[in-house]
Structure formats: C-alpha cells, structure tokens
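Inspection log for the structure reproduced underneath, given as structure tokens.
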Amino acid sequence: MKVILVAAVTIDGKLARNSAQFVDWTSREDKRLFFSTSKRAGVIIMGNNTFKTLSAPLPGRLHVVLTNDLVDKENTPNQVEYTNQPPESILADLEARGYNEAVLGGGSQINSLFLQSGLVDEISLTIEPLVFGVGIDLFAGAEFDGRARLLEVEKLNDAGTIHLRYSLK
C-alpha cells in the first residue's frame with residue numbers, strides 16, 4: 001500500500017499555530033491539491049486532534065482517526081473509524097479492504113509515527129509564504145535518519161506558494 005504524507009507548512013515549517021487551528025490559512029491551490037489527492041486515495045489517516053479541526057468529515061473518503069482514547073468514540077461506517085492500532089495493522093486492514101493508497105493527513109505525531117515505522121512512501125508538501133514563529137512542527141517526537149529524493153517542484157500561484165513531492169522509497 002502506498003502512503004502519501006500530505007501537508008501544508010509555513011516557510012518556518014509549522015503545520016499550525018496550535019492544536020486547535022483549522023488549516024484555513026492555506027491557499028486555494030493547496031486545498032485543491034489536498035482534496036484531489038485524498039479523494040483519489042479514498043482514505044485519510046490522521047490523529048484525533050487533527051480530525052477535530054475539521055468542521056465535518058470530507059465526503060467520499062474514509063477517515064481513520066488514531067487515538068489512545070476510544071471511550072465515547074463512535075465509528076461511522078465508510079466515513080469515520082477510530083483506532084488505537086499500530087500503523088502496520090492499520091495499513092494491513094485497509095489493504096485487505098481493497099485500498100491501495102492512503103493519505104497521511106497529520107498531525108506531527110502521526111506523521112512521525114508512520115515515518116519512523118518506515119511506512120511513508122512519498123511526501124507531498126505545500127509551502128505557504130507565511131511565518132508563524134511558534135506552532136506545531138511537521139514532525140514531532142522522533143528522530144529520523146533518511147534522505148528523500150525530489151520528484152517534482154511546482155509553483156502553485158503568484159503569491160509564492162510552492163508544492164514539492166519527495167519519494168522516500
């Protein structure tokens with residue numbers, strides 16, 4: 001199964017100012033890229049804090065939400081599933097159900113968990129021309145030792161938003 005980490009960051013590498021911030025600061029072009037990539041995959045894997053920033057689940061996609069606290073969490077078939085399973089088990093289950101691609105939608109701890117497990121095939125990174133100074137980093141809680149191979153660089157708009165695609169395999 002191919003796992004694509006999809007993220008938008010500021011030029012100082014921040015996903016958000018805090019854990020409650022919705023990604024309303026990204027460009028239209030970034031949003032279109034995220035929506036098309038996640039729609040094609042059909043499944044988004046994300047942490048509970050990231051999921052809570054959405055106003056509603058995105059249509060036409062399964063949301064697999066990682067959380068340590070499954071109490072009071074209700075699954076909605078084919079839309080939202082809560083789990084505390086390790087990344088390898090999540091991917092094996094999705095593959096058994098016919099998915100061949102998954103979008104990893106953050107946050108930083110979930111990004112790190114999958115990267116540290118060697119399960120991220122590609123990073124699709126939008127860099128927005130903003131500086132937060134403080135906030136949530138793209139990765140948190142783990143050390144890595146690896147090199148990515150640049151696949152694509154694309155200027156998304158005249159405001160200075162760029163999209164980078166890297167292969168990790």
Check your understanding: Hey, any chance Phe114 and Leu168 share a hydrophobic cluster, counting ILVMFWY side chains that come within less than 4.5 Å of each other, even indirectly?
Key -> yes
Review point. How long is the gap from CD1 on Ile45 to CG on Leu5, to the nearest 0.5 Å?
Key: 10.5 Å
Review point. Distance from Lys31 atom NZ to Asp24 atom CG, nearest 0.5 Å?
Key: 6.5 Å
Extract all donor-acceptor atom pairs below 3.5 Å that involve side chains of residues 95-103 and protein atoms in other chains or at least two apart in sequence.
unit_1, atom_1, unit_2, atom_2, d
Glu95, OE2, Met1, N, 3.2
Arg97, NE, Asp93, OD2, 3.2
Arg97, NH1, Glu81, OE1, 3.4
Arg97, NH1, Glu81, OE2, 2.8
Arg97, NH2, Glu81, OE1, 2.8
Arg97, NH2, Asp93, OD2, 2.7
Glu101, OE1, Arg40, NE, 2.9
Glu101, OE1, Arg40, NH2, 3.1

If you look only at distance, which donor and acceptor atoms sit under 3.5 Å apart when one is on a side chain in residues 146-154 and the other is two or more places apart or in another chain?
unit_1, atom_1, unit_2, atom_2, d
Glu152, OE1, Arg165, NH1, 3.0

Practice item. Apply side chain to side chain contact (heavy atoms under 4.5 Å, CB included) to the pair Ile4 and Asp121, showing each step before the final yes or no. Key: CA-CA 6 Å; Ile4 304 170; Asp121 297 289; 5.9 Å; no
Review point. Can you pull the side-chain hydrogen bond (donor to acceptor under 3.5 Å, both in side chains) pairs that have at least one residue in residues 41-57, sequence neighbours excluded?
Key: none
Check your understanding: Who passes side chain to side chain contact (heavy atoms under 4.5 Å, CB included) against Lys155, sequence neighbours left out?
Key -> Asp158
Check your understanding: Just wondering, are more than 12 heavy atoms of other shown residues or ligands nearer than 6.0 Å to CG in Asn78?
Key -> no
Check your understanding: So, for Leu113 and Ser117, which heavy atoms are closest and what is the spacing to 0.1 Å?
Key -> O-OG, 2.9 Å
Residues 56-70 side chain polar contacts: donor-acceptor under 3.5 Å, at least two apart:
unit_1, atom_1, unit_2, atom_2, d
Arg61, NE, Ser38, OG, 2.8
Arg61, NH1, Pro59, O, 2.3
Arg61, NH2, Phe35, O, 3.0
His63, ND1, Arg61, O, 3.2
His63, ND1, Gln79, O, 3.0
His63, NE2, Leu58, N, 2.9
Thr67, OG1, Asp69, N, 3.1
Thr67, OG1, Asp69, O, 3.4
Asp69, OD1, Val71, N, 3.2

Exercise for review: Would you sort out whether Leu104 and Asn111 count as a side chain to side chain contact (heavy atoms under 4.5 Å, CB included), showing the intermediate values?
Suggested key: CA-CA 7 Å; Leu104 189 60; Asn111 292 344; 3.9 Å; yes
Review point. What are the two closest heavy atoms between Leu15 and Ser108, and how far apart are they?
Key: CD1-N, 3.8 Å
**Study point:** ILVMFWY network linking Leu115 to Tyr166, side-chain heavy atoms under 4.5 angstrom
**Key:** yes
Review point. Counting only heavy atoms not in Gln109, do more than 12 sit closer than 6.0 Å to its CD atom?
Key: no
Check your understanding: Could you state the interatomic distance from CH2 (Trp25) to OG1 (Thr10), rounded to the nearest 0.5 Å?
Key -> 5.5 Å
Check your understanding: Can you tell me how far CE of Met46 sits from CG of Leu54, rounded to the nearest 0.5 angstrom?
Key -> 5.0 Å
**Study point:** Cluster check Val9, Leu33: I/L/V/M/F/W/Y, side chain < 4.5 angstrom
**Key:** no
Check your understanding: Within the side chain of Asn75, is there an N or O that forms a donor-acceptor pair under 3.5 Å with the backbone of Pro77?
Key -> no
Check your understanding: If Ile, Leu, Val, Met, Phe, Trp and Tyr residues are connected whenever their side-chain heavy atoms lie under 4.5 Å apart, and connections chain through other members, are Val43 and Leu91 in the same group?
Key -> yes
Check your understanding: Going hydrophobic residue to hydrophobic residue with side-chain gaps under 4.5 angstrom, can you get from Val3 over to Ile44?
Key -> no
Show me the donor-acceptor pairs within less than 3.5 Å that the side chains of residues 123-144 make with the rest of the protein, sequence neighbours left out.
unit_1, atom_1, unit_2, atom_2, d
Ser124, OG, His163, NE2, 2.7
Thr126, OG1, Asp30, OD1, 2.7
Glu128, OE1, Thr161, OG1, 2.6
Glu128, OE2, Ser27, N, 2.8
Glu128, OE2, Ser27, OG, 2.8
Asp137, OD1, Lys14, NZ, 2.6

